[in-house]
Amino acid sequence: MKALPGDTSSVVLRFAPNPNGPLTLGHSRGVVINSEYAKLYDGKVVLRFDDTDTKVKPPLSDAYQWIEEEYGWLAGRPADIVVRASDRMPIYLEYAASMLADGHCYVCRCPAAEFRSFRESKEDCPCRSKDASENLSDWKSMNDGVLVEGEAVVRVRTDMTLPNPALRDWPALRIQHTPHPMVGEQYRVWPLLDFQSAIEDYAQGVTHIVRGKDLMDSTRKQTLMYEKLGWEYPETLYWGRVKVHEFGGFSTSSMRASIEDGDRDGWEDLRLPTIQSLRRRGFDARALRDFWVELGITQKDISVSMQTIESLNSRAIDAVAERRSFVASPVRLSIEGYESVAVDSPRHPDGEIPGSRGWVLGGAIYIQKSDSVSSSLRLKEFADISISDSKADVESLDRSDNRPIVQWLPEGMAREAVLFMPQGEEIAEVEGFLEDFELQVGQVYQLERVGFARLERLAQGGGAELVWLHS
RNA sequence: GCUCCUGUGGUGUAGUUCGGUCCAUCAUUCCGGGUUUUCAUCCCGGCGACUCGGGUUCGAAUCCCGACAGGAGCACCA
């Protein structure tokens, strides 16, 4: 990773998600980059919940615990400090009042559309000339509920003639009467991102901010505010927008909507790019870490492929994933003369995991339907066979030619199983048999000739449920 | 419209600060080969790029100007 600019003697970084849902693959970039920099510089990361919007992106009360846990999983260690903006409201409101008193802010009662035209024409709005006592009394009305949603907003007094329209007297706090899921109806005035974040970064002693470049104007807005308060703004780095070919963007709001509409089964839905879904499938946090570190923090807008992450994941898990046989769409073949023969297959072909999987043959075996079109096959780790009329005849125990090697299962080792695979808008259910050898729920196995999958459920004496990871 | 950011192979990325050592790094994909009783892993090899046009210079991926392309902000979202 590139060196951080500025003084790095005691680095404080922060990761500030909105808890309006669990973390997505997109958020994982922020977790990884910030936590890796903290590791590199022996610094700290503040996990801050930016939960000051009760209306457009309302917080989800479960998401706080989810995110804290997901952060720990991704970073490999918990966040050093955890704060909720909603717990820090008194501080923000106090700063607002004092900035109003000092003339750094004013209460603007123009309707949004009206202010927009002032901004465009670089004209002062009438509220701008109010004195401090008037502003303070309007502030009181905002907090008392005399003024209702949309009737007033606190603005930071910058300069209406600034070339960048986004910076002209930007809004700092607004009225929200919708109750907050964590703190209820205690507050009627809530800070907006730029104000809340500016204050909290200062309060936490944040030294470096790494954020999306869509927030570049945020930096500029906040820098103007810091100048008024005589504070020094943290060093700031930016990354560009990321899309993943397979998923597109990572809008938490639209995922939430798709779940509420019933198009998705929940945050763990295999088709969603949430950390929950990725973990459910069996991704290793190391793969995500390696991926984001490799990408670095360039300001280019990029579109990456899950293939890259999958490749890193294979490397991370191959040595620890035991092999198992999975026979999709099984075809039953009878086999004679080998009823009590034992077959041993390694748990891992390179011996990374010592030991073997022991089978006893019995009188019938299963092979994949797609393999059964061939009349001569080699059953892996066992024998060359020829197939006719649902019967397998052993031709040789040793490998005698170059016939295809296939995975298979003796009837006695075959456990009914279904493999769930996300395929575009659908979740395919591949039915078959899974090798019933020391199966452990939660484990990721490599299904020979199929790919990696995580065992999710094992019904008592019944079927197994697997979720697809990748090939 | 205003403001801002970015343009290196299919996808990412290094190099751009202080122009030459860059006929451009690495990863991944793809193609070929090897190891392997998995179409996995591993190993080897290969294809493939500096957006375009001017300018400065002995020399430009690197500096300057312009064009073009992509993206973002101008929300009482984060």
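Everything quoted here is computed from the prediction, not taken from an experiment. Basis for what follows: all heavy atoms, side chains included, without hydrogens, waters or symmetry-related copies. Every chain is numbered from 1 and lettered A, B, ... according to where its sequence line falls, protein lines coming before strand lines.
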[atom1] spacing across the pair [N] / [M], given as an integer number of angstrom:
N	M	atom1	answer
B:rC22	B:rU36	P	39 Å
B:rC68	B:rC52	C1'	7 Å
B:rG59	B:rU13	C1'	27 Å
B:rC23	B:rC64	P	22 Å
B:rC43	B:rG7	C1'	36 Å
B:rG34	B:rU41	C1'	14 Å
B:rU11	B:rA49	C1'	12 Å
B:rA69	B:rU29	P	34 Å

Legend entry - Under the side chain to side chain donor-acceptor pair (under 3.5 Å) test, residues paired with A:E68 that sit two or more places apart: none

Assign [X] to base, sugar-phosphate, or nothing according to its heavy-atom contacts below 4.0 angstrom with the strands shown.
X	answer
A:R323	base
A:D350	base
A:S197	nothing
A:L193	base
A:G150	base
A:S253	nothing
A:T52	sugar-phosphate

Kindly assign one of parallel, tilted or perpendicular to the pair [X] and [Y], based on the angle between their ring planes and the thresholds 30° and 60°.
X	Y	value
A:W408	A:W359	perpendicular
A:F15	A:Y71	tilted
A:H180	A:W190	parallel

Looking only at side-chain atoms of [X], point me to the closest of [options].
X	options	answer
A:R399	B:rC77, B:rA27, B:rU37	B:rU37
A:D50	B:rA78, B:rU38, B:rU41	B:rA78
A:M216	B:rC5, B:rC2, B:rC76	B:rC5
A:H245	B:rU11, B:rC77, B:rU38	B:rU11
A:F452	B:rC77, B:rA40, B:rC2	B:rA40
A:K57	B:rU41, B:rA27, B:rA78	B:rA78
A:L192	B:rC76, B:rA14, B:rU6	B:rC76
A:I405	B:rU13, B:rU37, B:rC5	B:rU37
A:S311	B:rU28, B:rC77, B:rU13	B:rU28

Inset, instruction - Report yes if some heavy atom in the side chain of A:L74 is under 4.5 Å from a heavy atom in the side chain of A:I275; otherwise report no. - result: yes

Donor-acceptor pair (no angle test) under 3.5 Å: [X] side chain, [N] base:
X	N	value
A:R378	B:rU37	yes
A:E120	B:rG1	no
A:Q446	B:rU38	yes

Detail all sub-3.5 Å separations between protein N/O atoms and N/O atoms belonging to nucleotides 30-36 of chain B.
none

Could you tell me which nucleotide pairs with [N] by Watson-Crick or G-U wobble geometry, both distances under 3.5 Å, or answer none if nothing does?
N	result
B:rG45	B:rC31
B:rA61	none
B:rU13	none
B:rU38	none
B:rC23	none
B:rC4	B:rG71

Legend entry - Worked check of ring pair (Phe, Tyr, Trp, His ring centres under 6.0 Å) between A:Y445 and A:F452: CA-CA 6 Å; A:Y445 295 104; A:F452 293 97; over 10 Å; no

Inset, instruction - Give a yes or no on whether the backbone of A:S86 and the side-chain of A:D51 come within a donor-acceptor separation of less than 3.5 Å. - result: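 Pair found, side chain donor or acceptor close to backbone of A:S86.
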
Inset, instruction - Keeping the roles fixed (side chain from A:S141, backbone from A:S137), state whether a donor-acceptor pair exists under 3.5 Å. - result: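 Flag set: sc A:S141 to bb A:S137 pair under 3.5 Å.
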
For [range], which residue pairs pass the salt bridge (Lys or Arg N to Asp or Glu O under 4.0 Å) check, not counting sequence neighbours?
range	result
residues 160-172 of chain A	A:R128-A:D169
residues 295-319 of chain A	A:K213-A:D301, A:D318-A:R323
residues 237-258 of chain A	A:R256-A:E260

Inset, instruction - Quick one: list whatever passes side-chain contact (heavy atoms from CB on, under 4.5 Å) with A:D53, sequence neighbours left out. - result: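 Applying side-chain contact (heavy atoms from CB on, under 4.5 Å) to A:D53 gives A:K55, A:V56, A:K57, A:R174, A:Q176.
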
Inset, instruction - Report the residues that fulfil salt bridge (Lys or Arg N to Asp or Glu O under 4.0 Å) with A:R281, sequence neighbours left out, ordered by chain and then residue number. - result: none

Inset, instruction - Going 5' to 3' through nucleotides 65-73 of chain B, assign each nucleotide B (protein heavy atom under 4.0 Å from a base atom), S (under 4.0 Å only from sugar-phosphate atoms) or - (no protein heavy atom that close). - result: -----BSSB

Taking only N/O atoms, report every protein-nucleotides 46-52 of chain B pair under 3.5 Å with atom names and distance.
none

Inset, instruction - By nearest nucleotide on RNA chain B, pick out whichever of A:R29 and A:I175 is the more 5' one. - result: A:R29

Legend entry - Residue list, ring pair (Phe, Tyr, Trp, His ring centres under 6.0 Å) with A:Y338, at least two apart or on another chain: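 Partners of A:Y338 by the ring pair (Phe, Tyr, Trp, His ring centres under 6.0 Å) criterion, ordered by chain and then number, come out as A:F382.
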
Inset, instruction - Would you jot down, in residue-number order, the residues of residues 89-97 of chain A having a non-hydrogen atom under 4.0 Å from RNA chain B? - result: none

Legend entry - Ring centers of A:F49, A:Y64 separated by less than 6.0 Å: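 Between A:F49 and A:Y64, the centre distance is under 6.0 Å.
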
Legend entry - Where at least one partner belongs to residues 104-130 of chain A, residue pairs that pass ring-ring contact (aromatic ring centres under 6.0 Å, His included), sequence neighbours excluded: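 Output for this query is empty, none listed.
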
Legend entry - Sole candidate of A:Q407, A:R357, A:R324 that passes side-chain hydrogen bond (donor to acceptor under 3.5 Å, both in side chains) when paired with A:E435: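 Only one of A:Q407, A:R357, A:R324 forms a side-chain hydrogen bond (donor to acceptor under 3.5 Å, both in side chains) with A:E435, namely A:R357.
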
Inset, instruction - Ignoring backbone atoms, establish whether A:R315 has a side-chain N or O less than 4.0 Å from OP1 or OP2 of B:rU28. - result: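 Answer yes for this pair, as a side-chain N or O of A:R315 is under 4.0 Å from OP1 or OP2.
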
Inset, instruction - Would you please confirm or rule out a distance under 4.0 Å between OP1 or OP2 of B:rA78 and any side-chain N or O of A:R174? - result: yes

Legend entry - Lys/Arg N to Asp/Glu carboxylate O, A:E448 vs A:K380, below 4.0 Å: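 The answer is yes: the pair qualifies as a salt bridge.
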
